[in-house]
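Worksheet for the structure shown next.
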Amino acid sequence: MIGKALHTKSIWKSNLMTDIRLASEAGFGAMEVAATKIWDYMSSGNPWSDVTERLQQYNMKIISINDIAHVERTDDDAVRKTLAETEKLSAIAQQLGCDCIQLVPLLALEGRPEDEGIELTAQNIARICDIGAKYGVRFQLEPVGWSPIHSLRSTQKLIQAVGRDNFGTVIDFFHLFVGGETTPDDVRHFDPNRIYHIHFCDCRLPREGEIFDETILRGMYAGEGDIPLAEWVQAVKDTGYDGWWSYELVSAKHWQHDVAEVAAETSRLLDKYVLGK
């Protein structure tokens with residue numbers, strides 16, 4: 001069953017408890033929660049039981065926490081910190097009934113041969129997956145558009161190198177589009193069992209000489225940018241994927257708008273482009 005999820009980066013300026021209510025009122029059935037909001041809530045001293053009660057009150061579920069970043073780093077201190085973060089966040093995810101955490105490798109291995117970078121990253125992720133397995137947590141890669149692992153081709157190589165059943169990927173329209181290598185046909189032929197969620201959005205490509213700023217390039221609603229959305233949506237559906245679609249609007253402009261209005265509009269646009277309503 002295709003479902004609609006609100007990615008809480010779309011309404012960045014509100015807090016976790018408000019996000020739960022807004023997601024429900026806008027017609028979403030689930031949420032992907034930015035990890036910053038998890039850490040902010042934890043530092044407040046409020047109990048997690050209040051969050052689980054809030055989720056029950058609004059018939060809402062958290063399907064993913066985004067994210068643990070820099071998982072490609074190989075220095076001992078970074079690896080220790082990543083594994084400790086994994087342990088802590090996996091325990092929180094279990095408490096909240098969430099079975100997925102997003103992983104983001106970035107630029108520490110930039111310039112290395114691709115196979116070497118994938119192997120080093122895979123070694124870290126295998127250890128992460130083994131920790132998460134104790135809590136019933138799986139992990140989705142986000143192949144970031146400006147990082148060495150930015151395509152579905154390299155994603156597939158990484159999944160094979162990790163060799164764990166609880167590791168897959170998110171199909172993120174922005175990152176795969178700006179990465180410049182992945183096509184809708186590549187999406188169409190990807191194993192749906194390794195597609196954990198979809199990040200739906202639109203964007204434009206940077207103009208000549210423009211600084212690459214994700215919060216500007218993504219500063220538009222669906223249908224206002226450069227992504228051929230109908231083609232990408234159909235490619236996902238052709239895989240047989242039948243799960244949650246999150247609208248992720250990472251936009252400095254829209255973060256200054258009314259969060260309830262942004263949530264409602266992203267819900268409406270998922271209805272239009274994905275559900276055909």
Side-chain angles (χ1 to χ4, degrees), residues 1-7 9-10 27-32 61 63-64 66-67 99-105 118 138-145 147 149-205 217-218 220-250 265-277:
M1 179 199 73
I2 292 176
K4 294 191 302 180
L6 173 66
H7 199 302
K9 283 187 178 178
S10 300
F28 292 98
M31 304 162 54
E32 287 198 70
K61 64 185 296 183
I63 57 170
S64 180
N66 300 177
D67 44 49
D99 71 349
C100 186
I101 297 172
Q102 182 165 289
L103 303 179
V104 179
I118 285 174
R138 59 184 182 165
F139 297 88
Q140 66 183 26
L141 176 78
E142 183 171 71
V144 171
S147 73
I149 301 173
H150 63 265
S151 67
L152 284 186
R153 179 191 58 78
S154 54
T155 294
Q156 181 59 42
K157 292 177 71 172
L158 181 62
I159 289 172
Q160 292 173 344
V162 170
R164 297 294 189 274
D165 291 338
N166 61 333
F167 182 57
T169 192
V170 62
I171 301 294
D172 185 295
F173 282 22
F174 169 75
H175 285 295
L176 293 176
F177 183 71
V178 300
E181 182 179 336
T182 300
T183 68
D185 202 48
D186 295 326
V187 174
R188 186 173 293 110
H189 292 99
F190 201 82
D191 180 2
N193 294 313
R194 295 290 185 166
I195 301 174
Y196 290 172
H197 299 109
I198 311 299
H199 286 173
F200 174 89
C201 70
D202 208 342
C203 72
R204 64 172 178 83
L205 296 172
L217 299 177
R218 299 179 73 160
M220 60 203 64
Y221 284 122
E224 299 174 353
D226 295 336
I227 301 178
L229 291 173
E231 190 176 353
W232 281 74
V233 168
Q234 189 58 52
V236 172
K237 291 181 177 180
D238 287 347
T239 68
Y241 174 81
D242 191 28
W244 294 102
W245 292 66
S246 296
Y247 199 122
E248 186 182 25
L249 181 67
V250 182
E265 182 63 6
T266 55
S267 179
R268 185 190 72 81
L269 289 167
L270 281 175
D271 284 340
K272 175 182 177 181
Y273 282 95
V274 178
L275 298 177
K277 293 184 179 179

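Index from 1, following the sequence.
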With no hydrogens and no angle check, is any side-chain donor or acceptor of [X] less than 3.5 Å from a backbone partner on [Y]?
{"X": "Tyr241", "Y": "Arg194", "answer": "no"}
{"X": "His175", "Y": "Gly145", "answer": "yes"}
{"X": "Thr182", "Y": "Leu152", "answer": "yes"}
{"X": "Tyr247", "Y": "Ala222", "answer": "yes"}
{"X": "Asp226", "Y": "Leu205", "answer": "yes"}
{"X": "Lys9", "Y": "Glu32", "answer": "no"}
{"X": "Asp242", "Y": "Met1", "answer": "yes"}
{"X": "Ser10", "Y": "Leu249", "answer": "yes"}
{"X": "Asp172", "Y": "His199", "answer": "no"}

Asp271 bridged to Arg268 by N-O distance under 4.0 Å: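 Salt bridge between Asp271 and Arg268, a charged N being under 4.0 Å from a carboxylate O: no.
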Greater than 12 external heavy atoms within 6.0 Å of Asp191's CG: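 Yes, because the 6.0 Å sphere around CG of Asp191 holds more than 12 heavy atoms from other groups.
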Worked verdict on His197 versus Gln102 for side-chain contact (heavy atoms from CB on, under 4.5 Å): CA-CA 10 Å; His197 299 109; Gln102 182 165 289; over 6 Å; no
Should [X] and [Y] count as side-chain neighbours, where that means a heavy-atom distance under 4.5 Å?
{"X": "Leu275", "Y": "Trp245", "result": "no"}
{"X": "Glu248", "Y": "Leu6", "result": "no"}
{"X": "Ile63", "Y": "Ser246", "result": "yes"}
{"X": "Phe139", "Y": "Val162", "result": "no"}
{"X": "Cys201", "Y": "Thr266", "result": "no"}
{"X": "Phe174", "Y": "Val250", "result": "no"}
{"X": "Val178", "Y": "Leu217", "result": "no"}

Heavy-atom pair with the smallest gap, counting every atom of [X] and [Y]:
{"X": "Pro184", "Y": "Ala235", "value": "O-CB, 3.2 Å"}
{"X": "Leu229", "Y": "Gly223", "value": "CD1-N, 3.5 Å"}
{"X": "Pro192", "Y": "Gly240", "value": "CB-C, 4.4 Å"}
{"X": "His150", "Y": "Gly179", "value": "CD2-O, 3.6 Å"}
{"X": "Thr169", "Y": "Pro143", "value": "OG1-CD, 3.8 Å"}
{"X": "Tyr196", "Y": "Cys100", "value": "CD1-SG, 4.3 Å"}

Could you tell me the separation between the [atom1] atom of [X] and the [atom2] atom of [Y], rounded to the nearest 0.5 Å?
{"X": "Thr155", "Y": "Leu176", "atom1": "OG1", "atom2": "CG", "result": "7.0 Å"}
{"X": "Phe167", "Y": "Leu141", "atom1": "CZ", "atom2": "CG", "result": "4.5 Å"}
{"X": "Asp186", "Y": "Arg188", "atom1": "CG", "atom2": "CZ", "result": "9.5 Å"}
{"X": "Leu158", "Y": "Arg153", "atom1": "CG", "atom2": "CZ", "result": "11.5 Å"}
{"X": "Arg204", "Y": "Arg218", "atom1": "CZ", "atom2": "CZ", "result": "13.5 Å"}
{"X": "Asn66", "Y": "Leu103", "atom1": "CG", "atom2": "CG", "result": "10.0 Å"}

side-chain contact (heavy atoms from CB on, under 4.5 Å) for Gln140 and Asp67? Distances and angles first, verdict last. CA-CA 9 Å; Gln140 66 183 26; Asp67 44 49; over 6 Å; no
Given side-chain contact (heavy atoms from CB on, under 4.5 Å), test Asp202 with Tyr273 step by step and report yes or no. CA-CA 11 Å; Asp202 208 342; Tyr273 282 95; over 6 Å; no
Restricting to side chain to side chain donor-acceptor pair (under 3.5 Å), what partner residues turn up for Ser267, sequence neighbours left out?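 Testing Ser267 for side chain to side chain donor-acceptor pair (under 3.5 Å), a comparison that skips the adjacent residues, returns Lys4.
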Would you please name every residue forming a side chain to side chain donor-acceptor pair (under 3.5 Å) with Gln234, sequence neighbours left out?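 In terms of side chain to side chain donor-acceptor pair (under 3.5 Å), with neighbours along the sequence ignored, Gln234 is linked to Asp238.
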Give me the ring orientation class for Phe177 and Trp232: parallel if the planes are under 30° apart, tilted from 30 to 60°, perpendicular past 60°.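 Rings of Phe177 and Trp232: perpendicular, as their planes differ by over 60°.
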Would you check, one step at a time, whether the test side-chain contact (heavy atoms from CB on, under 4.5 Å) holds for Ile2 with Lys237? CA-CA 10 Å; Ile2 292 176; Lys237 291 181 177 180; 4.3 Å; yes
